[in-house]
Amino acid sequence: MDVVLEWFRENKRDLPWRESTPWGVVVSEFMLQQTPVHRVLPQWHRWMELWPTPADLAGAPLSDALREWGRLGYPRRAKRLHECAQIIVRNHNGIVPPELPVLRSLPGIGEYTASAISAFAFKRGELVLDINIRRLYARCWQGKSAPTAAPNNAERELARQLLPEGDDGTWAAATMELGALICKARTPLCDECPLKNQCLWRAIGYPQEAGIGKSTQQAKWRGSDRQCRGVIMQALRENTDITQSELEKIWSDRSQYEKALASLLDDGLIEQRGKRFSLAN
DNA sequence: TTCCCGGTGC
DNA sequence: GCACCGGGAA
């Protein structure tokens, strides 16, 4: 697949974590879970400035990590990353472990993130299956418009066959970049694709399978439990300490507020001391 | 204004 | 199979 690697050499974005330490890669992968590159960039720089090593983050209060996470979304990721830092310090001498099973055992690191860290931080030719790569494979080699909800063994086998011998992680980076920039979910730029002459989906006229690739409908954001949690977190990021009665004013639906508050306490993202709430420590 | 984008953990 | 986030494209 030299055309893909050649395309990557000429078109890859200049992303700072590609020139960073293994820890920088870990931080980037956590932030990039469910969040686009352009939103991650400023936050990543800030975090690497504040906490350039696992020991630095492990030594900081969780509340600082949650505050600096800002509006990236899914603040449980910040808590898990903080936990990762502490485990790395405690069990791995402060060094990011390169072994796939060890990475996989850390909180917030699943199949994708473990292989991505191994490939990008340690230059290993791992099987990396993020949604961009999976979409590219589904289209080009399977003639489908989109991949299934989760990878199965047949898909892993196909991906393994495509992985170049002796790869150093460049294949994953290249296919991910191609999926993100050209083989896009909604409006693929097929004319610019280095694989356009061998893409099965293109060859058979871009069929759309019923039901495939459709994620379950997300509830409206406005008025959702998610929005309520976000509003509470934002209030606690801006106020180090806030009373029960002040906090409850920020959301009009009382029962939804109570539910969101309880779930944030349950997730260990916030804490209560008497009548006052703050980010968890 | 709605719709879409995207890993982990339960 | 569902909950979790916020921003940006359509």
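Here is the naming used below: chain letters follow the sequence lines, and residue numbers restart at 1 for every chain.
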Report summary line: In whole angstroms, the gap separating C1' of B:dT8 from CD of A:Glu29 amounts to 13 Å
Query - Touch class at under 4.0 angstrom, heavy-atom based, for A:Tyr74 against every strand present - result: base
Query - A:Leu81 CG to B:dG7 P, straight-line distance once rounded to whole Å - result: 16 Å
Query raised in the report: Heavy-atom contacts under 4.0 Å between residues 250-262 of chain A and DNA chain B, which residues?
Result: none
Return all side-chain donor-acceptor pairs below 3.5 angstrom for residues 20-31 of chain A, not counting sequence neighbours, or 'none' if the list is empty.
{"from": "A:Thr21", "atom 1": "OG1", "to": "A:Gly24", "atom 2": "N", "distance (Å)": "3.1"}
{"from": "A:Trp23", "atom 1": "NE1", "to": "A:Trp51", "atom 2": "O", "distance (Å)": "3.1"}
{"from": "A:Ser28", "atom 1": "OG", "to": "A:Val25", "atom 2": "O", "distance (Å)": "2.8"}
{"from": "A:Glu29", "atom 1": "OE1", "to": "A:Tyr112", "atom 2": "OH", "distance (Å)": "2.9"}

Query raised in the report: Would you say A:Thr35 reaches B:dC5's phosphate, i.e. side-chain N/O to OP1/OP2 under 4.0 Å?
Result: no
Query - d(CG, A:Asp225; P, C:dG6) in whole Å - result: 13 Å
Query - Interatomic distance where CZ belongs to A:Arg237 and P belongs to C:dC5 [whole Å] - result: 10 Å
Query raised in the report: Across the strands shown, which category fits A:Arg71 at heavy-atom distances under 4.0 angstrom: base, sugar-phosphate, nothing?
Result: sugar-phosphate
Query raised in the report: Using a side-chain heavy atom cutoff under 4.5 Å and only I, L, V, M, F, W and Y, what cluster partners does A:Trp251 have?
Result: A:Leu62, A:Leu66, A:Val231, A:Ile232, A:Met233, A:Leu236, A:Ile242, A:Leu247, A:Ile250, A:Tyr257, A:Leu261, A:Leu264, A:Leu265, A:Leu269, A:Ile270, A:Phe277, A:Leu279
Query raised in the report: Can you find a side-chain donor-acceptor pair between A:Gln43 and A:Arg46 that sits under 3.5 Å?
Result: no
Query - Rounded distance (Å) that lies between atom C1' of B:dT8 and atom OH of A:Tyr112 - result: 13 Å
Requested in this report: With sequence neighbours left out, write down each residue that passes salt bridge (charged side-chain N to carboxylate O under 4.0 Å, His left out) with A:Glu258, or none if nothing qualifies.
Outcome: A:Arg254
Review item, side-chain donor-acceptor pairs of residues 180-187 of chain A, under 3.5 Å, at least two apart:
none

Query raised in the report: Hey, does A:Gln227 reach any base, or is it just sugar-phosphate, or nothing, if we go heavy atoms under 4.0 Å?
Result: nothing
Report task. Calculate the interatomic distance between A:Leu41 atom CG and C:dG7 atom C1'; express it in whole Å. Result -> 15 Å
Query raised in the report: For A:Arg77, which residues count as a salt bridge (charged side-chain N to carboxylate O under 4.0 Å, His left out) partner, sequence neighbours excluded?
Result: none
Report task. Would you mind listing every side-chain hydrogen bond (donor to acceptor under 3.5 Å, both in side chains) that reaches into residues 96-109 of chain A, with sequence neighbours excluded? Result -> none
**Report entry** Stretch residues 119-140 of chain A: residues that reach within less than 4.0 Å of DNA chain B through a heavy atom
**Finding:** A:Asp130, A:Ile131, A:Asn132, A:Arg135
Query raised in the report: Are the charged groups of A:Asp168 and A:Arg124 less than 4.0 angstrom apart, N to O?
Result: no
Query raised in the report: Looking at residues at least two apart in the chain, or sitting in another chain, which of them share a salt bridge (charged side-chain N to carboxylate O under 4.0 Å, His left out) with A:Glu192?
Result: none
Do any N or O atoms of the protein come closer than 3.5 Å to N or O atoms of nucleotides 8-10 of chain C, and which pairs are they?
none

Query raised in the report: Is it true that A:Arg156 and A:Glu111 make a salt bridge, defined as a side-chain N closer than 4.0 Å to a carboxylate O?
Result: yes
Query raised in the report: At under 4.0 Å between heavy atoms, what does A:Arg77 touch on the DNA or RNA strands: base, sugar-phosphate, or nothing?
Result: nothing
Report task. Return the set of residues passing salt bridge (charged side-chain N to carboxylate O under 4.0 Å, His left out) with A:Arg276 (not counting sequence neighbours), or none when no residue passes. Result -> A:Asp241
**Report entry** Donor-acceptor pair (no angle test) under 3.5 Å: A:Gln34 side chain, B:dG7 base
**Finding:** yes
**Report entry** A:Met31 CE to C:dG7 C1', straight-line distance once rounded to whole Å
**Finding:** 16 Å
Report task. Show which residues join A:Ile204 in its hydrophobic cluster (side-chain heavy-atom contacts under 4.5 Å, direct or indirect), or state none. Result -> A:Leu200
Report summary line: Rounded to whole Å, CH2 of A:Trp69 lies from P of C:dC5 at a distance of 11 Å
Query raised in the report: Hey, does A:Leu32 reach any base, or is it just sugar-phosphate, or nothing, if we go heavy atoms under 4.0 Å?
Result: nothing
